[in-house]
Amino acid sequence: MKSAQGPAPVVLLIEDDAGIRRFVRTALESEGCSVHEAAALERGRIALASRRPDLLVLDLGLPDGDGMSLLAELRAWSGMPVLVLSARSDEADKVAALDAGADDYLAKPFGVGELLARVRALLRRAMRPPQAAARVAFGAVEVDLEQRTVTRGGEPVHLTPIEYRLLGLLVAAAGRVVTQRQLLTGAWGPNHVEHAHYLRVYMAGLRRKLEPDPRLPIHILTEPGVGYRLALEPLTAARTPASSPPAG
Amino acid sequence: MAADPKRQPGWPDYAKAALAVVAIALLGTPLRGQFELANIAMLFPLAVLFAAIRLGRGPAVFAAFLSVALLDFFFVRPHFTLAVSDLQYLLTFAVLLAVALTTTELVARLRRERDTAEARAQEAAQAQLAVESERLRNTLLASLSHDLRTPLTALAGLAESLPLAGPALPPAQAELAEAIRAEALRTHALARDLLDLARLQSERPRLALDWLAVEDLVAGALQARAHALRGHTLNLELPEELPLLQADAVLMERVICNLLDNAIAHTPAGGHIALAVQADARAGSIAISVCDDGCGLPPAREQAIFERFVRAPRQGAAAAAATGDAGTGLGLAIVRAIVEAHGGTVEARNRDRGGACFILRLPFPPQPAHPPPEGALTETGR
């Protein structure tokens, strides 16, 4: 990225559609990234090993195989951030990709603004030294992960242990989607992955304690059919009207 | 066997049964005096068996009784009357009748069993066919959706990245690039709506059912439409402690977004849009209403607007531009299809003070158990 010091971040883009490759490359280069392309899984696998990119942008439906298999292979040896592009409208596929280790996803059609916002968030996280994030702030809320305290406008907020665990999971992934399964497993344990209604109850509680207007949350956002996302800056570019055209 | 299992026997079948019995009687007449009466009587069950197999139960029962009558009439002294001179013949009649009726019953049962087995096989074949055509339909829709989405994503993205590819575009060209992007997205919205409608109108639309909080649905839809709603005043009536729904989150959010789009498009800037949620515990349903103070619905067309491609006149181009969409005319048809797939209803009516109201009613199931109290869990927190 332009403002970042040091060498330009390297992005590998594996996508079979030439038009999408073209505009994603243009957009990423305008942000100062160095972009390598691959049109198929096999070439992508080679580029992944030789280029060692800082970020992988991966299309799921490739002519010579499913991007999911590459994702599984990659996770065996690397924690590099992965942004999945999906032309599938089925939310189950997005959830499967996230649970398999993708860091975020974009559903086609996506806009340039949306793409760059996700890429920036992923690169920022990847390049940040892990211990730097002991304190996270959003709106009037400040979370001190070391002291395990939460304040709102300077006043301490009392969270129950499960509420704190859920908030911790969201904060750790700030800006990215955390799937329902990840939240349920993290807060209640693997035997509770089917209990989506627990999440509804607790997220409502968290919003009451942390959101300026719990009816219109601007930080703890629902990703329908997928999970939740913590937006550190209110109203992320994630779902602006320009990128998700309304139905007629 | 010739008889159609579904067909009820008619008078020609009874006539044929009578004819068979009469033929047996004629066949037996030359034997009269040479054969024992009991042996002649043995011929009649043949006619009944024929009737039972070929003509059905009714004609067979008729043939059984006719056999007894004709045996009496032609072969039992005094001949050509129904009088009986010796009471022992009554035993012959009784045995004949019993044999004939038993034959009828057995044949009828065999036929019934055969018919049921055939019907079952037919049903199974039809169900198999339905499953396969449904699978084909879904595969086709999914691949069509994928194939349309990819080039439209490229088109919209290329137009949007045009200013990034070189020096800044002059305003007129930037406007053109933006128009290309908007048209690509609109084409995508139309294709998506048509495919979704086709999917929803299949016999068993696939719903990803999950426990949903109505608050989440409303918040998600309002967030997605925050930009388009800027020019209007929003009144939100959202009580606390609403019951959870069992619904498809993505589709339900679509429903509310489409109703908001509709209200935005038909309400002049500065108008009011009210979104209200109410739970009716007795009816076991949640009502979500989206009302506006815009131009209202054309009189007597309140239900027609849920049909495909039906649109009320809009508040000019400004409103269309505000939603970033000229409308595909499918929004309300999709609303209805989604709501009905969830067992709910949707209605539209004009308000007394002007404007339109859309009211969804969605059933909510018995509520799931609350999460266990936190003390019951092992704490790893503070």
Side-chain angles (χ1 to χ4, degrees), chain A residues 16-24 26-27 29-30 61 85 87-92 108-113 115 148 159-162 164-165 180 188-189 195-204 207 214-218 221-226 235 239-242 244-248, chain B residues 145-146 149-158 160-161 164-165 184-186 188-190 192-193 208 210-213 215-216 219-220 222-228 236 238 244 248-250 253-254 257-258 261 323-331 334 368 370-371 374 377 379-382:
Chain A
D16 61 325
D17 186 85
I20 293 180
R21 279 206 308 274
R22 180 78 191 271
F23 96 78
V24 170
T26 307
E29 282 178 348
S30 79
L85 304 180
R88 307 171 187 188
S89 53
D90 201 341
E91 310 310 300
K108 296 174 186 175
F110 52 87
V112 168
L115 169 74
R148 303 181 73 83
L159 296 186
T160 69
I162 285 190
Y164 185 79
R165 245 177 275 168
Q180 232 166 250
W188 283 277
H195 295 168
H197 59 280
Y198 288 14
L199 273 183
R200 307 290 174 256
V201 174
Y202 273 87
M203 286 299 175
R207 282 178 180 149
R215 298 178 313 164
L216 296 171
I218 52 174
L221 308 177
T222 308
E223 291 280 325
V226 181
L235 279 186
R239 300 175 72 206
T240 57
S244 65
Chain B
S145 160
H146 174 274
R149 207 179 284 232
T150 300
L152 288 171
T153 302
L155 189 55
L158 287 168
E160 198 183 351
S161 65
L164 303 176
L185 290 181
R186 202 160 67 89
H188 169 262
L190 178 61
R192 178 201 59 192
D193 283 0
D210 199 357
W211 287 110
L212 295 188
E215 298 91 318
D216 277 2
L222 289 175
Q223 189 202 331
R225 293 296 179 265
H227 184 76
L236 182 60
L238 194 63
L244 297 175
D248 185 309
V250 178
E253 198 185 297
R254 256 316 257 303
C257 280
N258 284 8
D261 289 339
T323 63
D325 169 39
T328 61
L330 290 170
I334 287 179
H370 273 285
E374 291 197 26
L377 291 157
E379 272 189 31
T380 60
R382 280 181 276 190

Contact part of [X] toward chain A, heavy-atom cut-off under 4.5 Å: side chain, backbone, both or neither?
X         : value
Leu158(B) : both
Leu222(B) : side chain
Leu155(B) : neither

Practice prompt. Considering only NZ, NE, NH1 and NH2 on the basic side and carboxylate oxygens on the acidic side, decide whether Arg149(B) and Asp17(A) come within less than 4.0 Å.
Written response: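 Between Asp17(A) and Arg149(B) there is no salt bridge, as every charged N stays at least 4.0 Å from the carboxylate O atoms.
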Worksheet item: For Gly111(A), does its backbone N or O pair with a side-chain atom of Glu160(B) as donor and acceptor, under 3.5 Å?
Response: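 No, Glu160(B) side chain to Gly111(A) backbone: no donor-acceptor pair under 3.5 Å.
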Provide the closest heavy-atom pair for [X] versus [Y] in the form atom of the first, atom of the second, distance.
X         : Y         : answer
Arg200(A) : Ala213(B) : CD-N, 3.7 Å
Tyr198(A) : Pro371(B) : CE1-CA, 3.6 Å
Gly225(A) : Ala249(B) : N-CB, 3.5 Å
His188(B) : Lys108(A) : NE2-O, 4.5 Å

Need one label for [X]: side chain, backbone, both or neither, based on atoms under 4.5 Å from any heavy atom in chain B.
X         : result
Arg21(A)  : neither
Val112(A) : both
Arg215(A) : both
His195(A) : neither

Discussion item. The criterion is ring-ring contact (aromatic ring centres under 6.0 Å, His included); which residues satisfy it with Phe23(A), sequence neighbours excluded?
Written reply: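 If we apply the ring-ring contact (aromatic ring centres under 6.0 Å, His included) test to Phe23(A), skipping adjacent residues, the hits are Phe110(A).
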Once you round to the nearest 0.5 Å, how far does [atom1] of [X] lie from [atom2] of [Y]?
X         : Y         : atom1 : atom2 : value
Leu199(A) : Leu212(B) : CG    : CG    : 12.0 Å
Thr222(A) : Glu215(B) : OG1   : CD    : 10.0 Å
Thr153(B) : Leu85(A)  : OG1   : CG    : 9.0 Å

Discussion item. Within the 4.5 Å heavy-atom criterion, are Asp210(B) and Gln180(A) side-chain neighbours or not?
Written reply: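 Counting from C-beta outward, Asp210(B) and Gln180(A) do come under 4.5 Å.
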Worksheet entry | side-chain contact (heavy atoms from CB on, under 4.5 Å) partners of Thr26(A), counting only residues at least two apart |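 If we apply the side-chain contact (heavy atoms from CB on, under 4.5 Å) test to Thr26(A), skipping adjacent residues, the hits are Ser161(B), Leu164(B), Ala165(B).
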